[in-house]
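Heads up: the structure comes next, in structure tokens.
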Amino acid sequence: MNLKELYQEIILEHGKNPRNLRKTENFNKDAKGNNPLCGDNVHVYLKLNNQRKVEDISFEGSGCAISMASASIMTDLIKGKSDNEAKEIIDDFLGMIKENPELKSTILEEDDKTKLMCLSGVKQYPMRVKCATLSWHTLISAMEDDGKQVSTED
Amino acid sequence: MNIDNIKKEFPIFDEKIQNNDLVYLDSANSSQKPKVVIDRINEFYTKEFSNVGRSIHYLAVAATNLYENTRSSVQKYINAKDKNEIVFTKGATEALNLVANTLGQKYLNEGDEILLTELEHHSNYVPWHYLRKSKNIKINFAEINEDGEIPIENIEKKITPKTKVIAINHLSNVTGAILPIKEITEIAHAKDIIVVVDGCQGAPHLKLDVQDLDCDFYAISCHKMYGPTGLGILYGKKKWLEELPPYQGGGGMIKEVKKDRITYGDLPNKYEAGTMATAQVIAFDKSIKFLESIGIENIIKHEKELIEYGQEILKKNNSVKLIGNPKNKGGVISFTIEGVHPHDIATILDEDGVAIRAGHHCCQILHDKLEIPASARASVGVYNTKSDFDQLNESINKCKKIFDLK
Ligand SMILES: Cc1ncc(COP(=O)(O)O)c(C=O)c1O
């Protein structure tokens, strides 16, 4: 196993200074997620405009370095994307964490892909995969906004 | 048996765990198993297996005797008055569900109150919560003090004329606080309140005498007592076990079954429906013999020294913050590191073979009270040594380095 791969500089930096850790004013979609195993929780807020573009996205919550970094990087990348683009990025990320060696989406810049790939270190730590995916699953449910709470224990 | 040689009794310490020697500091979660217990399971399945209590062939009779033999050993170990006060369950969780459920069926009424503490494990809260829903029962919580203990006044303060049951931890699996069960029972019984003790952490680490404690129920988790998983014990005073209704229905727990009526079996069968964890029960006898061969006084002394040593070195490590400071404390040290989430601590420690637990340890009420989402916990067993805490401290320092802490 390789701790250096898990705790890369970018992760530690985002973990310490998470971007978009706040609550979007006038959000129109949101969802809460939690990981009952550790008690970590996240609340994702979205503001989708009339063109179905993510005008703002933010999150509140507490968690480990991996989950905070993941939420931070996620919100950074999703901001400004259309809802369809966002869905493609989410699928791509979750696919990569689950099984794919690389990200496939053509929407993301190389730079952004590098950032996301920093989270791939969790693949070697099955107990930590949920830390990296919680905010993403919560984002899906915010976009669907079905009022359901996400739990990574399902 | 020499306490220094005890580690040798546990085969797992001969293994390399991800190329490391195992530093096992997670015994509050579940203890490792001595060879005698592992071998007994193998031997029973290999040479003696049969189901118990049903057939009359040789193996069935022999297995039944072995099974009942463990019941007698448990009775002696915890000093119960009667062998039939020992009920086998699938774990302490089931034991506590059994008590809450059957008291709910027969003894508790709408508006009655149950007193828990903020230190309770989810298994001593959720089963009572069901009664809140189904019977409109109210649950109160005795509060912890700043040292993470429950002073007896905090219990007394929350007793009302409607309190019918006090259900409490013997030894907190987070702060390590040991609760004064005997004193609590005295106060409770003077007011006709039933006392249920979650003894999961008490049974492996404290001297047990249920008659002296005088509690009405005591739940034990065998897998934390150097025994097999899938097994727990409920001690209950005979008068309660006789009076309360059965918990689960099925084979083995009945006397007579007719189309229009059923009569239930006598104790302890009444509470042991279906095929039980036979091999585990039989092997658990070896766990008790193992504990007896060391002597609980020696275990208590050894674990106390370990915890004092562990606390001392962790207190010196700045950025480590210990949770609670109970005067009367058992083998658990929970802590946080400012700026590092417990899950990150656990992952980094794991890389060095140091196994701890991170999370809320099934005590969310307590963590909410402490205003932390989670904590890291090092807990000991008979096989631990001071060097385990030296390694823990070293790995914590590595963790601090990764997170750039002083
Ligand atoms: C204090 C306490 N109560 C209850 C339990 C549950 O015990 P079991 O695993 O036997 O169901 C545990 C163990 O996790 C515990 O530490």
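Each chain gets a letter, A, B and so on, in the order the sequences are listed, and its residues count up from 1.
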Does a sphere of radius 6.0 Å around [atom1] in [X] hold more than 12 heavy atoms from other residues, nucleotides or ligands, not counting ones at 6.0 Å or beyond?
X        : atom1 : value
A/Glu9   : CD    : no
B/Asp14  : CG    : yes
B/Lys321 : NZ    : no
B/Glu338 : CD    : no

**Prompt:** Under a 4.5 Å heavy-atom cut-off, does chain B meet the side chain of A/Lys4, its backbone, both or neither?
**Reply:**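 No part of A/Lys4 comes within 4.5 Å of chain B.
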**Contact class of A/Ile66 relative to chain B, heavy atoms under 4.5 angstrom** =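 Both parts, heavy atoms under 4.5 Å.
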**Asked** Under 4.5 Å, heavy atom to heavy atom, which residues of residues 396-405 of chain B contact chain A?
**Response**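 Residues B/Lys398, B/Ile402, B/Phe403, B/Asp404 are the ones that qualify, each having a heavy atom under 4.5 Å from chain A.
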**Asked** Ignoring hydrogens and geometry, is there a side-chain-to-backbone donor-acceptor pair from A/Arg128 to B/Thr347 under 3.5 Å?
**Response**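 Not a single qualifying donor-acceptor pair exists.
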**Message:** If only side-chain N and O atoms count, and only distance matters, is there a donor-acceptor pair under 3.5 Å linking A/Tyr7 with B/Asp344?
**Reply:**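 Yes, a side-chain donor-acceptor pair sits under 3.5 Å.
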**Message:** Do A/Tyr125 and B/His343 make a side-chain contact, defined as non-hydrogen atoms from C-beta onward lying under 4.5 Å apart?
**Reply:**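 Side chain of A/Tyr125 against side chain of B/His343, heavy atoms only: no contact under 4.5 Å found.
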